[in-house]
Amino acid sequence: MINIRFPDGAVRQYEAGVSAMDIAKSISEGLAKKILVAGVNDQVWDLSRPITSDSSIKLFTWNDAEGKNTFWHSSAHLMAEAIEAKFPGVKFWVGPPLDNGFYYDIDLGDRKITEEDLVEIEKKMNELAKQNNVYIRTEKAKADAIAYFTEKGDEYKLDLLQNLEDGNITFYTQGNFTDLCRGPHIPHTGFIKAIKLLNIAGAYWKGDEKNKQLTRIYGITFPTQKELDDYLIMLEEAKKRDHRKLGKELGIYTMNDDVGPGLILWLPNGAVIIEELEKLAKETEEAAGYKRVVTPHLAKENLYLTSGHLPYYADSMFAPMEMDGEKYYLKAMNCPHHHKIFDAEPKSYRDMPYRLAEYGTCYRYEQSGELFGLMRVRCLHMNDAHIYCTKEQFAQEFKAVNDMYLKYFEIFGIDKYVMRLSLHDPEKLGQKYINEPELWLETEELVRNVLKESNIPFVEVKGEGAFYGPKIDVQIWSAIGREFTLATNQVDFAQPRRFKLSFTNQNNEPEIPLIIHRAPLGTHERFIGFLLEHYAGKFPVWLAPLQVKILPISDKFLDYAIAVKTTLQKAGVRVEVDERQEKIGKKIREAEISKVPYMLIVGEKEASENKISVRRHGKGDIGQLSVDEFVHNIAEEIKYRKAD
RNA sequence: GCCGUUGUAGCUCAGAGGUAGAGCACUUCCUUGGUAAGGAAGAGGUCGUGAGUUCAAUUCUCAUCAACGGCUCCA
């Protein structure tokens, strides 16, 4: 007999060789029907696999991440079986589960899969799922496994086998499909009741663009049709919140073929938001002791040779233009210009820290396939600043920057974010990263300590640093689940040397400063793209392009409406009057659709009492106020940048 | 840059080898209406761009540009 320990601490005895499924059945039949996979001593196991020694056990259902992962992994195998049935002879690479669904990478040889084929494959999957085929685990000797795939001529699985140790190799078979697989899997295909193949994509083998491109098919499955339907509805809802759709509907930005890909034309409504963000940044930075500067959009080649950017990033810069025998590049970053400003006059320790800020315009030649709405563009406006400081000042300055991030997040109601401490990769020193191993370790430790001391939760990721130093990237998720780096806070130990920057210290000796690069509001492009999705287009009043729309009941009250408008304008409110000869119902409907925060309805009653009827977007009528009261309230709401 | 899909009016979309349609938006007229669409008339498109096949192409073929779903990349 062996002892099985349950999550609640209870221990029960079973015969050696008992399976997790047997154990579940011994507890309740209902549970046995629901569970998909088991956790045995913190490893995820097949339900049928014999347990031979004392163990702790957890039983996972669809509601657990382990359950979903296994379910989707098994679904990938089911899809592979269907594909092999339809297209005999294709070769499979890997088919892992994702946060939502799964994919399988396939070498189709000369064949092509179209979207019509997806429908066929779905049908086949449904047919196979109904057969309740059991996922059978088989342990294989490495030699046997190699023989099997050599026979099959499958170079992909042979490649996988190279990195696997003998004694650790398992195959899984369901129906007519056998795959090299670590497992585990759900008991049988019958659990998979609803299937949707989502799209076909190319994916480089092993993620390397130099390798052959395989065909990747994405899909998702559920234990019930209803869950699939709900998921598809959720996808539709997410599309409504897409910043590209909202950006068009709300007149925020546009693009034009004659202007060029990735070059944003900000429409008047977008420009208002930009102005507001810059106002916020300028206020905040001035209070934090920054000085503002303005620099040109281009510079001579030599500047980027000095900075060291060119060898690393030439591909991402617009090709140089040659004038008077000199090459000029559009700037892809503001740092070198700022360094030259620092260096324009001699500095002493009394000048430090020296903080230079600019909403700098940068141009980056992103590959065509990487462009994405406002999130990846070729001309961007960065909330940039560089802080030149002594080693002693570093921790305090770095912390002050992090605090600024947190302050902004509070204003915008951003609560889902991760600070990612992005480190260098020792194997890529001299290629992707400046070859200064000790300085890397030293500055990484400096940053780590600041984060620890300010109790900011963070994760460390190797190989994500800038080429000149470690950084903190702020990863955020928009309301529709899109993850990206919103802002960045970087340490730079390389450029000060390259630019020979120095200040005179207290001992009258030259000393090299450290530089902090920071951009808490990222770029206007990405930040506004994020805000559109974050607020679903319903901006807080201070950011709303149009803050108030006055809706007269009829033209008889137009004069009064215009008088109210003038009063509001004098108080600094962005306001318009709907002067059209339309019924009030239509005016309200259109104002609601355009997401104006406040609608003021004015008619007989209001005009005679010097009042207005206030309607809040999304909330409906909230009653009458005197004009003065309303002006006072909205002015406060704007001044303090209140969140809704 | 690579794989796949798409490109018709300002927007959302129908459509066919014989040189185009709807709804909304827009213009004009009627209506002066109290919290999410009042009515009528009108105007608006070299069917992304270039070439080829054809008596004829916006429709078929090829190329190209752009957008979209992914991959790669993201200072």
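Residue numbering restarts at 1 for every chain, and letters A, B, ... go by the order of the sequence lines.
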Across every strand shown, the nucleotide meeting Watson-Crick or G-U wobble geometry with B:rG21 (both distances under 3.5 Å) is B:rC13
Practice problem: Classify the nucleic acid contact of A:Gly585 as base, sugar-phosphate or nothing, counting any heavy atom under 4.0 Å across all strands shown. | Solution: sugar-phosphate
Among B:rU12, B:rG34, B:rC71, the one nearest any side-chain atom of A:Tyr204 is B:rC71
Under 4.0 angstrom, heavy atoms only, what part of the nucleic acid is A:Gly620 near: base, sugar-phosphate, or nothing? nothing
Closest to the side chain of A:Glu604, out of B:rA25, B:rG34, B:rU72, is B:rG34
By the Watson-Crick or G-U definition, both distances under 3.5 Å, B:rG34 is matched with none
Only one of A:Gln475, A:Lys471, A:Glu464 passes side chain to side chain donor-acceptor pair (under 3.5 Å) with A:Thr485, and that residue is A:Gln475
From CD of A:Gln367 across to C1' of B:rC3 the rounded distance in Å is 14 Å
Of the listed B:rG69, B:rC3, B:rG34, the closest approach to the A:Gln213 side chain comes from B:rC3
What residues 548-561 of chain A contributes to the RNA chain B interface at heavy-atom separation below 4.0 Å is A:Ile553, A:Ser554, A:Asp555, A:Lys556
Which part of the nucleic acid, if any, lies within reach of A:Ala203 when heavy atoms closer than 4.0 Å are counted: base, sugar-phosphate only, or nothing?
-> sugar-phosphate
The nucleotide from B:rU31, B:rU72, B:rG33 with an atom nearest the side chain of A:Glu370 is B:rU72
Against the side chain of A:Tyr313, the closest entry in B:rA75, B:rC73, B:rA66 is B:rA75
>> Heavy atoms only, 4.0 Å cut-off, all strands: where does A:Asn199 land among base, sugar-phosphate and nothing?
In response: sugar-phosphate
Base, sugar-phosphate alone, or nothing: which one does A:Glu582 contact when heavy atoms must sit under 4.0 Å apart?
base
What nucleic acid atoms does A:Gln495 come within less than 4.0 Å of, heavy atoms only: base, sugar-phosphate, or nothing? nothing
Which is true for A:Ser613 with a 4.0 Å heavy-atom rule: it touches a base, it touches only sugar-phosphate, or it touches nothing? base
From the candidates B:rA75, B:rC26, B:rU72, the one with an atom nearest any side-chain atom of A:Glu209 is B:rU72
(Q) Within the 4.0 Å heavy-atom criterion, would you say A:Tyr218 contacts the bases, only the backbone, or no part of the nucleic acid? (A) sugar-phosphate
**Prompt:** Counting any heavy atom closer than 4.0 Å, what does A:Arg216 reach on the DNA or RNA strands: base, sugar-phosphate only, or nothing?
**Reply:** sugar-phosphate
**OP:** Would you mind classifying the nucleic acid contact of A:Gly373 as base, sugar-phosphate or nothing, using non-hydrogen atoms under 4.0 angstrom?
**Re:** sugar-phosphate
Of the candidates B:rU12, B:rG38, B:rA75, the side chain of A:Lys586 sits closest to B:rG38
message: Any side-chain to backbone donor/acceptor pair from A:Gln495 onto A:Ile515? Under 3.5 Å, distance only.
response: no
Side-chain contact check for A:Glu366: nearest option of B:rG38, B:rG1, B:rC74 is B:rC74
Checklist entry - If you look at every strand shown and take non-hydrogen atoms under 4.0 Å, does A:Tyr103 touch a base, only sugar-phosphate, or nothing? => result nothing
Discussion item. Heavy atoms only, 4.0 Å cut-off, all strands: where does A:Ile584 land among base, sugar-phosphate and nothing?
Written reply: sugar-phosphate
The residue among A:Trp72, A:Tyr218, A:Trp93 that forms ring pair (Phe, Tyr, Trp, His ring centres under 6.0 Å) with A:Tyr103 is A:Tyr218
If you look only at distance, which donor and acceptor atoms sit under 3.5 Å apart when one is on a side chain in residues 586-597 of chain A and the other is two or more places apart or in another chain?
residue, atom, partner, partner atom, Å
A:Lys587, NZ, A:Pro552, O, 2.9
A:Lys587, NZ, A:Asp578, O, 3.3
A:Lys587, NZ, A:Arg580, O, 3.1
A:Glu590, OE1, A:Arg580, NH1, 3.0
A:Glu590, OE1, A:Arg580, NH2, 3.0
A:Glu592, OE1, A:Gly618, N, 3.2
A:Glu592, OE2, A:Arg615, NE, 2.7
A:Glu592, OE2, A:Arg615, NH2, 3.0
A:Ser594, OG, A:Glu590, O, 3.3
A:Ser594, OG, A:Ala591, O, 3.0

